[in-house]
Protein chains: 2
Amino acid sequence: MNELDVALICKALGDANRLEIVKMLSDGEKCGCRLLERFSITQPTLSHHMKTLVDCGLVNDRKQGKWHYYSLNPEALSFLRTFLDELVCKEPTEGKGGCCQ
Amino acid sequence: MNELDVALICKALGDANRLEIVKMLSDGEKCGCRLLERFSITQPTLSHHMKTLVDCGLVNDRKQGKWHYYSLNPEALSFLRTFLDELVCKEPTEGKGGCCQ
DNA sequence: CACATACATAGATATTTGTCAATATAAAAG
DNA sequence: CTTTTATATTGACAAATATCTATGTATGTG
């Protein structure tokens, strides 16, 4: 896995289908064919989305036989969570008197 | 503010410039002109990005005089954080024997 | 009022993205 | 070896997106 990147991960989560895939994976590891059943997209489209999710590090891909088992990568989730935690507004500067005071 | 939507928020965070804007706002409320100084984009482009960030609920917009003061919306951040927490893999089903067992 | 500053809107454009159909690859089954 | 199943790749295309220039609007200033 490459280095985790907040923007890439968020971009991956910014698609309704991929978000749904991630939700399904939160219930446990699943293979592609099973994921495909739940969507009204074609197999190549799912394959494309899975590549996006794997490439950004959000999803792990375990190959066994002819199946690919996908699962969430906890490291990526905690990485994103840490980023959010760091976003807490430390000291809001109430700019009441002028520009950016 | 409309209802918070994970995909919309993530899509907003999935752009390098907007992510940088959000990081800047984590340091406290700032006006548009100040944000603009830090980027090599034009003012209309910044305006467009701010609209994206405000529309998804991630950023608040407080108008005072001719300035717009932008700040992070803590509710949106905790909303996203809650979503991430719910993604914790509850019971990984090790599918060692076949498809999705 | 005329001008400057901060921001928004409109229109254009190049790039990215989500999607599909067609095809290829890989592995298991018969 | 042939067929089936699971997944990937390729090429095409429409829609969305990021960006710009030009212009409009709103607010404050001289």
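Reminder, nothing fancy here: chain letters follow the sequence lines and each chain counts from 1.
- Backbone-only contact: A:S40 has heavy atoms under 4.0 Å from sugar-phosphate atoms and none from a base.
- Here the C1' atom of nucleotide D:dA18 and the CD atom of B:E20 are 17 Å apart, to the nearest Å.
- Taking for each of A:G14 and A:G65 the nucleotide of DNA chain C with the nearest heavy atom, the 5'-most of the two is the partner of A:G14.
- Between B:D61 and A:T52, the residue whose closest nucleotide on DNA chain C is further toward the 5' end is B:D61.
- At whole-Å resolution of the value, OH in B:Y69 and C1' in C:dA6 are 11 Å apart.
- Of all non-hydrogen atoms in A:A12 and A:R18, the two that sit nearest each other are O-NE, 2.8 Å.
- A salt bridge between A:D85 and B:R81 is present, with a side-chain N of the basic residue lying under 4.0 Å from a carboxylate O of the acidic one.
- Backbone-only contact: A:H49 has heavy atoms under 4.0 Å from sugar-phosphate atoms and none from a base.
- With C:dC20, D:dA8, C:dA6 as the candidates, the nucleotide lying closest to the side chain of A:H68 is D:dA8.
- At whole-Å resolution of the value, CG in A:L19 and P in C:dG18 are 13 Å apart.
- The CD1 atom of A:I41 sits 13 Å away from the P atom of D:dT7 (whole-angstrom rounding).
- B:L8 and B:L19 are members of different hydrophobic clusters when ILVMFWY side chains are connected at heavy-atom separations under 4.5 Å.
- Distances shorter than 4.0 Å separate none of the side-chain N or O atoms of A:K66 from OP1 or OP2 on D:dT4.
- Heavy atoms of B:F39 sit nowhere under 4.0 angstrom from any nucleic acid atom.
- Ranking C:dA27, D:dT17, D:dG28 by closeness to the A:K63 side chain, first place goes to C:dA27.
- Proximity note for A:H48 (side chain, C-beta onward) versus C:dA8, C:dC7, C:dT19: the nearest is C:dT19.
- In this structure, A:L46 places its CG atom 9 Å from C1' of D:dT7, rounding to the nearest Å.
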Notebook entry, point to check: Stepwise, does the side-chain contact (heavy atoms from CB on, under 4.5 Å) test hold for B:V54 with B:V59?
Noted result: CA-CA 5 Å; B:V54 170; B:V59 165; 4.0 Å; yes
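- Checking C:dA22, C:dG18, D:dA6 against the side-chain heavy atoms of A:D15 singles out C:dG18 as nearest.
- For C:dG18, the OP1/OP2 oxygens have no side-chain nitrogen or oxygen of A:T45 closer than 4.0 Å.
- Protein atom CD of B:Q64 is 12 Å distant from nucleotide atom P of C:dC7, rounded to whole Å.
- You won't find any donor-acceptor pair under 3.5 Å spanning the side chain of B:Q43 and the base of C:dA6, going by distance alone.
- Nucleotide D:dA6 holds its P atom 13 Å from the OH atom of A:Y70, rounded to whole Å.
- A donor-acceptor contact shorter than 3.5 Å is absent between the side chain of A:T45 and the backbone of A:I41.
- Note: CZ (A:R18) to C1' (C:dT16) measures 12 Å, nearest angstrom.
- Neither OP1 nor OP2 of C:dT19 sits under 4.0 Å from any side-chain N or O of A:T42.
- Taking every heavy atom of both residues into account, B:Y70 and B:C31 meet most closely at CD1-C, 4.4 Å.
- The phosphate of D:dT17 (OP1 or OP2) has a side-chain N or O of B:K11 nearer than 4.0 angstrom.
- Within the nucleic acid shown, A:L36 has no heavy atom closer than 4.0 Å to any nucleic acid atom.
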